[in-house]
Amino acid sequence: MDEKTLQTIKEKTDETSLAKLQAIDNDEVNAFIAHAIELCAPQEVVICDDSPEDVAWIRQQAIDNKEELPLKTEGHTVHFDGYFDQARKKDVTKYLVPKGVDLDPKLNQVEREEGMAEMEALQRGAYKGRTMHVRFFCLGPVNSDYAIPCLQITDSAYVAHSEDMLYRVGYEEFKRQSAEKDDFEFFKFRHCTGEVDDRNTSKHPDLNRVYMDYTRNTVMSVNTQYAGNTVGLKKLSLRLAICKADREGWLAEHMFIMRVNGPDDRKTYLAGAYPSACGKTSTAMIPGENIVGDDLAYFRVIDGQFRAANVESGIFGIIRDVNKDDDPVIWDCLHKPGEVIFGNILVKDGEPYWMGMGQELPKEGMNHVSTQWHEGMQGPDGNETTPSHKNARYTLRIRDLANADPDWDNPRGMPLGGVIYGGRDSDTNVPVREAYHWDHGICTMGAMLESETTAATIGAEGVRKWNVMSNMDFLSMSVGKYIQNNLEFAKDVERPKVFGTNYFLKKEGKYLNGMRDKAVWIKWMERRVHGDVDAIDAGYGLIPTYEDLKKLFQAVLEKAYSQDDYVEQFTVRVPELLAKLDRMEEIYATVQDTPETMKNEIAEQRNRLTALQETHGQYISPLDL
Ligand code: SPV
Ligand code: MN
């Protein structure tokens, strides 16, 4: 370490902390820490390693400084974010781009020098009187091809504690990679809580900014507590990982990974991308199957196999509607002693409550609105408030879930049998379909993914939003290039089958499927991966036969599945399908670098559907195909 850097760090740390840094002995690490000290002016700097003592210390810090409040059940705490800081904010999340660079007109960007000046002004002196935590974590399994070491600087013990639950520790990984690799590369995050009120929430949510310096693998955020903006390894890292994957020829995806249990102990791994509120976590948590991860997946070719690893070691899940009957495994974890952080729920007498938990909620208590919330209370914006926020969350460790796949941490990841794209769609797609081949799936399922807004989102209900691979919010390159990368990935090896799901088909305002039916679709996909069952060509993909579904409904749900239900659910809705192609052609006409393959797949889909329309009409029963 050079003398100046050493002095800057030494002034704020004790010898134990300093020794930990010296053991890593990396100039870029030291420079990032020294710069944070100079910029943010902390009272002290604490550097943690992977030891259980350091991990426990951080957890206690979060409680001592009241970022987390203990609940009645041992190990449970609650954390509150400010009223205006309950989710990721797209308008203040921007890429810092070098002069003259345009990543894509669809992405939020600011010229690097300008954005950096704004960010540094907001972060200057932000750690005054506070402790700067320096933490080392790892995205993906340590000591694996997937591993990306990450350096997190934050003055929030809640952020550091959340990262202990959601990610693998990475101090030893830093030491190893720094010593072994000439081209050692890591991600860096600097988060500043900013000025806070007596509830530890931002006084200046309007000055919340999240800026990605993708050319330097760095993300900075300020004036926010919400984990989606502060926990560097979550969505901040996904944006950097998409860039890195582009440089290195692999894929970083916004997907769950699950193990589906087939006949004779067969284990089949599926990954799935679903926009918010489309059943992503509940699919990964289907009873009888096993979860690997619920949010971030890296795809790589290893030893000639298409494999995927869970980037995380925990779940930051939506708690709304988690109830005993539909989510018994999560419910159990949220009620037994053990480490859980609840976020933005309602607390009464030390017990957590949330909307949709299947029991009556107290009419008053402590929540994100007030320490003395009561029913009918208005928020600072004059809107009526709810007992828990619609985006209220829980944070827990995968290993604490009874259905965790014992292999979830495998450094080689999992061989993928299938990739699923699922959206919320009331009138177009059948509940489950299979692509003809990889390119067809990537283009017509992944790149054409749409989801309808729900009552829970701001604005009109039922508006379709285009969301490429459910990764639109995190793309750090042009849309066309990202699709092209997907098309080209793993060209020389056997690729997974691609499926499209839709749990939200409606007739006259009523859902055509029950919550549990997805357990059947998942089993059908598993059978298709191994060629156990036949499928019918529906012009825009392959759909199940009635006989196969009837058997699976009986076996999985002990439910009699009628032929009428099948016909209704699996009717090919040609006008809606063609309208979707029209929408997509319109959208992709505005994407400058739409791959030729994409244009061809859309055109071929249109040809197949119009040909079907001529012979079979507008609404085609699967029995007539
Ligand atoms: C999502 O919104 O996709 C999440 C939660 O997984 S957040 O951390 O906000 O990204
Ligand atoms: Mn997510």
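In each ligand, atom 1 is the first atom listed, and ligand 1 is the first ligand listed.
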* Residue His254 vicinity, atoms of ligand 1 by number, heavy atom under 4.0 Å -> 3 (O)
* **Asp104 backbone acceptor or donor facing Gln109 side chain under 3.5 Å** => yes
* Asked: Does any non-hydrogen side-chain atom of Arg393 lie less than 4.5 Å from one of Ile319?
  -> no
* Enumerated ligand 1 atoms positioned under 4.0 Å from heavy atoms of Lys234 -> 8 (O)
* Asked: Are a donor atom and an acceptor atom from the side chains of Thr283 and Tyr503 found within less than 3.5 Å of each other?
  -> yes
* Asked: Do you see an N/O/S atom of Lys234, backbone or side chain, under 2.8 Å from the Mn ion (ligand 2)?
  -> no
* To do: Within a distance under 4.0 Å of any heavy atom of Arg393, pick out the atoms of ligand 1 and give their elements.
  => 2 (O), 4 (C), 5 (C)
* To do: Check all N, O or S atoms of His254 and name the one closest to the Mn ion (ligand 2).
  => NE2
* Measuring from the Mn ion (ligand 2), name the closest N, O or S atom belonging to Asp295. => OD1
* Rounded to the nearest 0.5 Å, how far does OG1 of Thr268 lie from CE of Met258? -> 10.5 Å
* Asked: Among protein heavy atoms, which sits nearest to atom 9 (O) of ligand 1, and what does the distance come to when rounded to 0.1 Å?
  -> Tyr226 OH, 2.7 Å
* To do: Run down the list Arg88, Gln86, Lys235 and name the one with the heavy atom closest to atom 4 (C) of ligand 1.
  => Lys235
* Output the list of atoms in ligand 1 that are nearer than 4.0 Å to some heavy atom of Asp295, sorted by atom number. => 6 (O)
* Asked: Can you find a non-hydrogen atom of Ser276 under 4.0 Å from ligand 1?
  -> yes
* Report yes if the distance between the aromatic ring centroids of Tyr171 and Phe136 is under 6.0 Å, otherwise no. => yes
* To do: State, without any angle test, whether Tyr83 and Asp381 hold a side-chain donor-acceptor pair at a distance under 3.5 Å.
  => yes
* Structure fact -> Atoms of ligand 1 under 4.0 Å from any heavy atom of Phe316, numbered from 1 in the order shown, are 8 (O)
* Check for a donor-acceptor pair, side chain of Arg424 on one end and backbone N or O of Ala277 on the other, with a separation under 3.5 Å. => yes
* Does a donor on one side chain and an acceptor on the other come within less than 3.5 Å for Asp155 and Thr193? -> yes
